[in-house]
Amino acid sequence: MPLFTQNTAFSYKNSTPTILIPPSPFNLIFSLTCGQIFGWKQINQGFLGLIQNNPFFLEQKGDTLALLNLGGSPLEIDPLQKQLSHFFRWDDDLKKILRSWRKDPLLSKTAAHFPGLRLIRQDPWDCLVKFLLSICSNIPKIEKTLIRLSQGAESIISVPFQDPKTKRCFETQLPVIPSPSVIASIKEEKLRSTGMGFRASYLKECSKQILQGFPLNSLKQKSYSSAKKELMELPGIGEKVADCVLLFSLDHPEAFPVDVWMQKILERYYFHGKSKTPKYLSEWGRSHFGNFAGYVQQYLYHFSRSCLKS
DNA sequence: TCGCAGGGCGCCA
DNA sequence: TGGCGCCCTGCG
């Protein structure tokens, strides 16, 4: 059985949203579609997804953010504001970060392309699982696997939704990542049958190690290099996945994940087309761009994928 | 039918 | 240290 099911179809138009004033600059669409997070469903200009396993519908209208809490229990505005602020890293001074890019023509260009793109602070276990599944994969495939995994673990959340334009009602399924203890108890063959293939052994072994006391959450308090070293001792976590988990969930905004898209744009614009290894580029990125190299990475990554496909 | 892909790993030179 | 094949799956 799903953990949570609404009795009546949720209609955005007939519901009263909570209005929040996000800091400027902030852009919901860029922040949720730039590739740093999986599992959010875009419905017209809004998004349906989970924050700390509670379902929300978010829609930005100019300088305000309309938010509908689709969870069972009502939430008060102050804790909600804090939750959103934490999730979207509204505590980062993005204006200051962007000002420091002025001397770099490429960064200035990307900042103009995606105004208000913010890093998101995800749950560490959630983030680790999703980036483990991203190894040699793509977003549609990852999302299918997440649905099957949470269906198998009976942790899926179903939200009936009425499209405000077409009036059509449909059920949206939002996958909740099963806990390490649940995943560790699932047979590897069953994990494989969700479509994750060879990643199943990585996921199961990571779950076991976390159950045995691997201090995932406390890596926030460690230095970037020692946190990364520890993370890479987990099976299936290499340079790139470790940097993604550090950047998107463990409060290390200096992390600089380098995948094929980042490699392409960095070699082209900073190394005159000369070939460099991902490890070299990741270290270069951190030392060249400094404490908030992760923001540079996200803007360059999104720019590379959106504008340099050819 | 086959090659490929938003890595990681183990093997080998 | 770097190059290579393999790992699952889905897609063109």
Side-chain angles (χ1 to χ4, degrees), chain A residues 30-40 110 114 117 119-120 122 126-152 175 183 186-210 214 216 228-249 255-268 271 274-285 293-310:
Chain A
F30 292 147
S31 301
L32 288 176
T33 59
C34 64
Q36 63 178 317
I37 189 161
F38 306 105
W40 282 79
T110 63
F114 312 116
L117 190 166
L119 287 176
I120 289 176
Q122 304 175 41
D126 204 273
C127 186
L128 188 150
V129 171
K130 289 171 179 174
F131 281 94
L132 260 186
L133 297 183
S134 79
I135 298 173
C136 207
S137 191
N138 53 61
I139 292 171
K141 191 174 152 187
I142 297 163
E143 304 217 327
K144 272 184 198 167
T145 302
L146 289 172
I147 294 280
R148 290 190 202 127
L149 175 64
S150 59
Q151 276 172 337
I183 292 181
I186 300 173
K187 285 190 175 172
E188 193 177 314
E189 290 68 31
K190 195 178 171 189
L191 288 176
R192 281 177 180 266
S193 70
T194 63
M196 68 175 73
F198 64 89
R199 303 161 195 85
S201 59
Y202 297 157
L203 186 55
K204 192 166 167 79
E205 194 54 37
C206 282
S207 303
K208 280 186 191 168
Q209 292 202 26
I210 284 174
F214 181 87
L216 180 63
K228 184 170 178 179
K229 189 167 174 273
E230 284 194 44
L231 213 44
M232 286 177 64
E233 285 168 10
L234 292 173
I237 312 275
E239 290 276 342
K240 193 263 179 178
V241 175
D243 273 324
C244 287
V245 177
L246 289 167
L247 177 60
F248 302 134
S249 74
F256 195 78
V258 175
D259 67 345
V260 292
W261 292 97
M262 281 302 291
Q263 192 173 7
K264 195 193 295 185
I265 194 169
L266 291 172
E267 287 174 348
R268 178 165 163 183
F271 295 93
K274 272 191 172 178
S275 173
K276 298 284 172 189
T277 66
K279 185 176 165 64
Y280 174 88
L281 292 170
S282 174
E283 286 166 7
W284 174 85
Y295 271 95
V296 173
Q297 190 275 349
Q298 204 51 48
Y299 276 75
L300 285 181
Y301 174 75
H302 198 38
F303 182 78
S304 179
R305 296 200 62 217
S306 314
C307 310
L308 304 179
K309 283 200 168 176
S310 56

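Chain letters run A, B, ... following the sequence lines, proteins first, then strands; residues in each count from 1. Model, not experiment: these values are computed from the prediction.
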Handout entry: V260(A), nearest nucleotide to its side chain (from dG10(C), dG6(B), dC8(C))
Key = dG6(B)
NA contact type, [X], heavy-atom cut-off 4.0 Å: base, sugar-phosphate, or nothing?
X       : value
K141(A) : base
P235(A) : sugar-phosphate
I237(A) : sugar-phosphate

Practice task
Please determine, for dA5(B), whether a Watson-Crick or G-U wobble partner exists with both distances under 3.5 Å, and give it or none.
Solution key: dT9(C)
Problem - For dC12(B), the Watson-Crick or wobble counterpart (both distances under 3.5 Å) - result: dG2(C)
Please report the distance, rounded to the nearest Å, between [atom1] in [X] and [atom2] in [N].
X       : N       : atom1 : atom2 : answer
E283(A) : dT1(C)  : CD    : C1'   : 13 Å
I139(A) : dC11(C) : CD1   : P     : 15 Å
I142(A) : dA5(B)  : CD1   : P     : 16 Å
L281(A) : dG7(B)  : CG    : C1'   : 16 Å
K264(A) : dA5(B)  : NZ    : C1'   : 12 Å
L132(A) : dC8(C)  : CG    : P     : 15 Å
N138(A) : dC4(B)  : CG    : P     : 16 Å
Y202(A) : dC8(C)  : OH    : P     : 9 Å

Handout entry: Ionic contact status for K279(A) with E239(A), cut-off 4.0 Å
Key = yes
Fit a plane to each ring of [X] and [Y], take the angle between them on a 0 to 90° scale, and name the class: parallel (under 30°), tilted (30 to 60°) or perpendicular (over 60°).
X       : Y       : result
Y295(A) : Y299(A) : tilted
F38(A)  : F131(A) : tilted
F114(A) : F303(A) : perpendicular

Exercise for the section: For dG2(C) and dG6(B), measure between their P atoms and round to the nearest Å. Expected result: 22 Å
Exercise for the section: Please state the P separation for the pair dC8(C) and dC11(B) - nearest whole angstrom. Expected result: 16 Å
Practice task
Taking the side chain as every heavy atom from C-beta outward, state whether M262(A) and L281(A) have any pair of such atoms under 4.5 Å apart.
Solution key: no
Handout entry: Distance test, side-chain N/O of K144(A) to OP1/OP2 of dC11(C), below 4.0 Å
Key = yes
Exercise for the section: Check whether any side-chain N or O of R199(A) sits under 4.0 Å from OP1 or OP2 of dC8(C), and answer yes or no. Expected result: no
